[in-house]
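All remarks here apply to the structure that follows.
We count ligands from 1, going down the list as the structure has it; atoms in each ligand are counted the same way.
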Amino acid sequence: MPKCKTYLVQVIIARDYRHLSETAAGVVAGAVIAKPQLALCLPTGNTPKGLYRELIRLYREKRIDFSRVSFFNLDEYLGLRADHTQSFRAYLWREFLNYVNVRRANVYAPDENYEETIRRAGSIDLLISGIGTNGHIAFNEPGSSKTSRTRIVELAQSTLQGMRQHFAPGELPTEAITVGIGTVLEARRVLLLASGHNKADVFARALTERPSSELPASFLQNHPNVTAIADEDAARVYKDISHERIQT
Ligand code: GLP
């Protein structure tokens, strides 16, 4: 086994969800300004919605230009049409891409050639991820290996439980295609977003426990350039732990 370094994750505690969204948008805007042909990998879920609203605002104010940016979906359900309202492709257009000057040819969703597509784009410059309450990032559920690549996965029971309310009976996808942990760790920079009380435990564990497959998000500690942005609610447990460490 190659020796595996762990790094301190830079943590920004935002006052509230709005501040989290503005801070994250600032990171994205800075990255696009520094490199207009940025390869940007994006998540779905509730957490990044404020970030997308903020990026649309920056675009309308002519402070950001997406015309040369490439967009990569982190993950997608298997067996849903792209235009299904719950598909992650539909989500990304609805929440963000429809409102900015993206070029359709620069938008990618995971498929069997995804690793090759990413390589051809020069690899991911900035990857943004949320975190599941079971510690998943993208759809790397507990048990995912650190070296995993883009692949088809079975969704965990806890993930399916949360999805049920959004799907008609019989329509619930049980599999997804997701970038792997290895894919995430090869991105040049990672931004982890966490918002709300229900993420407080998992956020603290991901940043402070020894990296392991039990909690895939903990592998982010093996990446040298991760910024985690949490609002006060999501950072509550992390703050207690880091405070104790400073005291002792
Ligand atoms: C989903 C997605 C993840 C996302 C996570 C958290 O299952 N596959 O990419 O980060 O759940 O979602 P939310 O932000 O709604 O809590």
Does this structure show an ion pair linking [X] with [Y], if we count only N-O contacts that are shorter than 4.0 Å?
{"X": "Arg53", "Y": "Glu22", "answer": "no"}
{"X": "Arg89", "Y": "Glu76", "answer": "yes"}
{"X": "Asp125", "Y": "Lys35", "answer": "yes"}

Quick one: sort the Phe167 and Tyr77 rings into parallel, tilted or perpendicular, breaks at 30° and 60°. perpendicular
Once you restrict to heavy atoms under 4.0 Å, what part of Ala176 touches ligand 1? Side chain, backbone, both or neither. neither
Part of Ile131 within contact of ligand 1 (heavy atoms, under 4.0 Å): backbone
What about Thr44: any of its N or O atoms under 3.5 Å from an N or O on ligand 1? no
Ligand 1 N/O within reach of Ser129 N/O, cut-off under 3.5 Å: no
Pro43 and Leu74 have their tightest heavy-atom pair at CB-CD1, 3.7 Å
Can you name the nearest heavy-atom pair linking Phe219 to Ser213, along with the distance? CZ-N, 3.5 Å
Around [atom], find the nearest protein heavy atom and jot down its residue, atom name and distance.
{"atom": "atom 15 (O) of ligand 1", "result": "Asn46 N, 2.8 Å"}
{"atom": "atom 12 (O) of ligand 1", "result": "Gly45 CA, 3.9 Å"}
{"atom": "atom 3 (C) of ligand 1", "result": "Ala138 O, 3.7 Å"}
{"atom": "atom 9 (O) of ligand 1", "result": "Asp75 OD2, 3.5 Å"}
{"atom": "atom 11 (O) of ligand 1", "result": "His136 NE2, 3.4 Å"}
{"atom": "atom 7 (O) of ligand 1", "result": "Phe139 CE2, 3.1 Å"}
{"atom": "atom 14 (O) of ligand 1", "result": "Thr47 OG1, 2.4 Å"}

Looking at ligand 1, is there an atom of it that comes within less than 4.0 Å of some heavy atom belonging to Lys199? yes
Mind running side chain to side chain donor-acceptor pair (under 3.5 Å) on Arg94 and Ser87 for me, showing each step along the way? CA-CA 11 Å; Arg94 185 172 64 237; Ser87 92; over 6 Å; no
For the rings on Phe66 and Phe96, is their centre-to-centre separation under 6.0 Å? yes
Which ligand 1 atoms, with their elements, are less than 4.0 angstrom from a heavy-atom of Gly130? 10 (O)
Identify which one of Val226, Val184, Leu192 satisfies the side chain to side chain contact (heavy atoms under 4.5 Å, CB included) criterion when paired with Ser129. Leu192
